[in-house]
S.K.: 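Let me begin by handing over the structure; questions about it come next.
Count residues from 1 along the sequence.
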Amino acid sequence: MTSQVFYRKWRPQTLAEVVGQEHVTKTLSNALKTGRVAHAYLFCGPRGTGKTSTGRILAKAVNCLNGGQGEPCNACALCQAITEGRAMDVVEIDAASNRGIDEIRELRERVRFAPNMARYKVYIIDEVHMLTEPASNALLKTLEEPPPHVLFVLATTEPHKVLPTILSRCQRFDFRRIPQAAMVSRLMGICDREGIRIEPSSLKLIARSATGSMRDAENLLEQLVAYYGPEIELHQVQALLGITGDARARELARHIVNRDITAGLQTINSVTLDGLDLRQFNRELVEYLRGLLLVKAGAEEAIDLAPEAVAELRSLAERASMDHLSKAVKLFRGVDVDFDGFSPLPLELAFVECALPKGEEAPSLVTPKKEEPVIAPAPAKAKEIEAPVAPPAQGMEQGEKDIEYFRSRWREVVEAVKGMGSRGNLDAYLRSACEPVALEGDTIVLGFYWDWHKEKIEDPKYRHMVEMKVSEVFGAPYKIRCILTERKKKEQGHLIEAALEMGAKIVDGEEE
Ligand SMILES: [Zn+2]
């Protein structure tokens with residue numbers, strides 16, 4: 001979405017320019033000065049903290065024709081070729097994009113040959129934990145007997161997923177989230193040189209929202225300039241950041257602390273209806289809950305936020321128990337938004353589990369076992385949904401009555417579709433994503449809440465699969481027609497329906 005012009009343009013070109021990672025850059029600079037550069041480095045840390053930039057700088061520094069000062073000169077032919085990405089001896093591999101099989105194979109063959117022009121061949125492998133097993137093993141073979149003219153820089157956001165045998169052959173550096181103050185001063189420098197007028201308070205907001213990633217901060221700044229031009233007001237920054245849901249993540253945290261189920265589900269609903277990126281929203285929520293936990297634990301200095309923000313955390317943390325907060329962090333950290341075709345269901349379930357009054361938390365809604373009954377929060381209401389055939393209400397129009405029937409049994413169709421589709425997850429495009437809204441002869445009109453679900457099911461080959469299962473479930477040939485519709489705001493009902501779809505059964509507490 002963003003062009004990342006600022007990010008590329010203002011990439012650090014020397015170790016001294018790398019922001020907030022002095023513990024790494026000083027050590028590297030000393031190694032360069034004393035000629036004790038290792039054969040393989042592993043750079044670990046969150047995205048946007050300078051891992052691959054540092055790798056490139058290192059590639060220049062070891063090859064620089066005016067080298068030896070612990071930094072590249074950035075002026076010689078080799079430095080320039082590397083900066084411009086046209087140096088044959090510096091190879092960047094993105095393990096995330098193609099999992100590196102071909103490249104690692106090629107690497108194993110080529111690694112034996114001396115570099116073309118440079119002193120060192122440098123391989124920068126980004127997201128190295130994503131390499132397939134054969135590729136990882138091939139890389140390991142090379143690391144076991146590294147030719148003297150080769151330098152490896154492996155970068156990863158998830159070091160625990162890298163083969164231990166690879167880890168043990170690398171010198172490891174941990175990149176940290178960039179402190180807010182360092183980020184603000186870097187952004188200020190960029191604004192100066194780009195002729196952007198912006199208040200320090202705005203830059204603080206940007207830095208805070210970027211949660212330690214320089215790349216995110218630079219992209220945000222660039223977006224602001226793209227939207228509003230080179231003179232940026234504080235309220236514009238707030239407006240743009242509001243779009244990312246930061247304020248609503250804080251709102252939801254408040255509802256968790258207050259155990260306000262209705263308000264919390266409404267917040268999740270509004271976030272979903274506005275089409276926010278639920279993954280990003282959940283990240284922000286977890287980050288905020290973590291802040292609360294740290295404040296509660298008396299570790300405020302571990303939080304890199306403005307004093308006002310810390311004060312806000314403090315007043316909320318006072319009202320929650322340590323137990324409750326740590327449970328919330330654990331639950332939301334474990335939320336897998338992708339699991340259900342981007343439906344808000346995993347968030348809703350985690351929220352309810354978190355916000356239930358103390359003592360009522362026992363039967364877990366999040367992972368109901370297939371055969372085990374679960375007591376849902378509102379059994380009376382839920383029973384209507386559970387009933388396989390909705391009782392025809394007096395005076396109801398015939399069409400409406402029928403559609404009620406299809407609606408009441410719709411989850412059977414969803415279940416029947418499970419395992420179909422090219423990835424076996426066709427049901428994810430129906431589950432909590434649509435409902436029967438009308439009946440036109442033998443055509444069931446399906447109302448979808450999101451466009452991308454609708455488009456998927458409209459694809460003739462998937463539509464046929466669904467129609468087949470609809471016909472099986474209802475015992476007669478039916479067609480479907482897809483339309484877009486507003487999601488109904490009946491949070492409680494929706495949640496229980498969702499739990500039922502996941503295999504939960506309703507038991508009336510008094511019956512057994
Ligand atoms: Zn140079």
Side-chain angles (χ1 to χ4, degrees), residues 19-24 44-49 157-160 173-186 200-201 203-214 216-217 238 241 244-261 263-264 267 280-335 347 350-362 366:
V19 180
Q21 313 295 351
E22 289 74 14
H23 60 295
V24 176
C44 313
R47 55 188 289 276
T49 51
T157 48
E158 298 181 67
H160 57 279
F173 286 107
D174 286 284
F175 283 62
R176 300 176 187 143
R177 287 187 190 278
I178 299 161
Q180 221 175 88
M183 204 182 271
V184 167
S185 91
R186 172 81 179 161
S201 54
L203 294 178
K204 268 189 202 155
L205 257 187
I206 294 172
R208 179 182 144 166
S209 167
T211 59
S213 163
M214 199 65 222
D216 285 359
Q238 286 163 335
L241 295 183
T244 71
D246 177 58
R248 276 183 282 184
R250 278 180 282 154
E251 193 181 297
L252 190 60
R254 231 182 6 257
H255 298 322
I256 291 168
V257 170
N258 297 335
R259 298 186 187 272
D260 187 341
I261 294 188
T267 302
Q280 171 67 15
F281 176 76
N282 190 49
R283 268 199 294 272
E284 281 163 5
L285 176 65
V286 171
E287 198 51 39
Y288 194 76
L289 291 169
R290 174 179 166 268
L292 285 173
L293 189 63
L294 288 171
V295 168
K296 190 77 191 174
E300 283 183 17
E301 65 284 355
I303 309 166
D304 200 22
L305 288 177
E308 317 83 73
V310 176
E312 186 190 300
L313 283 172
R314 208 181 295 132
S315 82
L316 189 56
E318 272 169 16
R319 309 214 299 272
S321 72
M322 193 79 166
D323 266 6
H324 192 195
L325 291 176
S326 74
K327 180 181 175 182
V329 173
K330 275 186 218 145
L331 271 170
F332 284 97
R333 252 196 84 209
V335 163
L347 273 176
F351 169 74
V352 170
E353 177 146 351
C354 230
L356 280 176
K358 253 189 128 89
E360 288 181 34
E361 296 153 357
V366 172

S.K.: May I ask you to test the Asp216-Arg47 pair for a side-chain heavy-atom distance under 4.5 Å?
M.R.: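 Answer yes - side chains close enough.
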
S.K.: State the CZ-CE distance between Arg208 and Met183, to the nearest 0.5 angstrom.
M.R.: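 The CZ atom of Arg208 sits 13.0 Å away from the CE atom of Met183.
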
S.K.: Any donor-acceptor pair under 3.5 Å linking the side chain of His324 with the backbone of Cys354?
M.R.: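 Yes, because the side chain of His324 sits within donor-acceptor range (under 3.5 Å) of the backbone of Cys354.
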
S.K.: Please tell me if the side chains of Arg176 and Val24 come closer than 4.5 Å, counting only heavy atoms from C-beta onward.
M.R.: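 No, side chains not in contact.
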
S.K.: Testing the basics here: between Val310 and Glu300, what is the closest heavy-atom pair and its distance to 0.1 Å?
M.R.: CG1-OE1, 3.7 Å

S.K.: Looking at side-chain heavy atoms only, is the closest gap between Glu251 and Arg254 below 4.5 Å?
M.R.: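 Sidechains of Arg254 and Glu251: in contact.
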
S.K.: Give the minimum heavy-atom separation between Pro179 and Gly20, together with the two atoms involved.
M.R.: CD-CA, 4.2 Å

S.K.: Any donor-acceptor pair under 3.5 Å linking the side chain of Lys296 with the backbone of Ala317?
M.R.: yes

S.K.: Are Arg290 and Arg333 side-chain neighbours, meaning at least one heavy-atom pair lies under 4.5 Å?
M.R.: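 Arg290 does not reach Arg333 side chain to side chain.
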
S.K.: Roughly how far, to the nearest 0.5 Å, is CZ of Phe351 from CG of Leu331?
M.R.: 11.5 Å

S.K.: Can you see which heavy atom on Gly264 is nearest to which on Leu252, and at what distance?
M.R.: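 Closest heavy-atom pair between Gly264 and Leu252: O-CD1, 3.5 Å.
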
S.K.: Just by modelled atom types, is the Asp174 backbone N or O under 3.5 Å from a matching donor or acceptor in the His23 side chain?
M.R.: yes

S.K.: Between Tyr288 and Ile256, is there a side-chain heavy-atom distance shorter than 4.5 Å?
M.R.: no

S.K.: What are the two closest non-hydrogen atoms of Ala350 and Val335, and how far apart are they?
M.R.: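 Ala350 and Val335 have their closest heavy atoms at CB-CG2, 3.6 Å.
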
S.K.: Would you name the heavy atoms of Thr49 and Arg177 that are closest together and state the gap between them?
M.R.: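 It is CG2-CA, 4.0 Å.
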
S.K.: Distance check, rounded to the nearest 0.5 Å: Asn258 atom CG versus Leu316 atom CG?
M.R.: 7.0 Å

S.K.: Under a 4.5 Å cut-off applied to non-hydrogen side-chain atoms, are Arg314 and Glu312 in contact?
M.R.: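 Answer no - side chains too far apart.
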
S.K.: Between the main-chain N or O of Phe332 and the side-chain N or O of Asn282, is there a donor-acceptor pair closer than 3.5 Å?
M.R.: yes

S.K.: With a 4.5 Å heavy-atom cut-off, do Ile178 and Gln21 have their side chains touching?
M.R.: yes

S.K.: For residues Leu292 and Leu313, report the shortest heavy-atom separation together with the two atoms involved.
M.R.: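 Closest approach of Leu292 to Leu313, heavy atoms only: CD2-O, 3.4 Å.
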
S.K.: How long is the span from the CD atom in Gln180 to the CD1 atom in Ile206, to the nearest 0.5 Å?
M.R.: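 Gln180 CD to Ile206 CD1: 11.0 Å, rounded to 0.5 Å.
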
